[in-house]
Amino acid sequence: MNWDQVEGNWKQFKGKVKEQWGQLTDDHLDTIAGKRDQLSGKIQESYGISKEEAEEQISDWERNQKDVYPPV
């Protein structure tokens with residue numbers, strides 16, 4: 001998944017991110033603003049997991065999004 005696309009269409013992706021990681025608040029999502037490293041950090045902080053686990057979760061989420069948002 002191209003994170004430039006995610007960043008550019010963050011308003012569309014925010015709902016999908018919130019579905020996956022419900023503990024992230026709207027303020028968190030506004031701060032993240034489509035930046036993958038910010039998302040990883042907020043997931044680690046909110047769920048008390050390691051960076052590796054957060055990255056794995058994001059990668060899994062990305063794979064699922066390819067069905068919805070195929071690469072351009």
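At least one side-chain heavy atom of L39 sits under 4.5 Å from a side-chain heavy atom of L24. Within the 4.5 Å cutoff, side-chain heavy atoms of Q57 are placed close to those of E53. A 4.5 Å side-chain heavy-atom check between I43 and W61 finds every atom pair outside the cut-off.
Residues meeting the side chain to side chain contact (heavy atoms under 4.5 Å, CB included) test with Q44, sequence neighbours left out: S40, K51, A54. Among residues two or more places apart in sequence or in another chain, the side chain to side chain contact (heavy atoms under 4.5 Å, CB included) test is passed with K35 by E7, A33, D37, Q38.
We find the CD-CZ distance between Q65 and F13 to be 6.5 Å, quoted to the nearest 0.5 Å.
The two residues I58 and W3 come nearest to each other via the heavy atoms CG2-CZ2, 3.9 Å.
Remark: side-chain polar atoms of Y47 are paired, donor with acceptor, to backbone N or O of Q23 under 3.5 angstrom. W10 contributes a side-chain N or O that, together with a main-chain N or O of L29, makes up a donor-acceptor pair within less than 3.5 Å.
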When you look at E19 and K14, which way does the salt bridge (charged side-chain N to carboxylate O under 4.0 Å, His left out) test go after all the steps?
CA-CA 9 Å; E19 284 176 21; K14 278 171 63 171; over 6 Å; no

Trace of the side-chain hydrogen bond (donor to acceptor under 3.5 Å, both in side chains) decision for H28 with T31
CA-CA 5 Å; H28 288 146; T31 300; over 6 Å; no

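Of the charged side-chain nitrogens involved, at least one lies within less than 4.0 Å of a carboxylate oxygen, so that D26 and K18 count as a salt-bridged pair.
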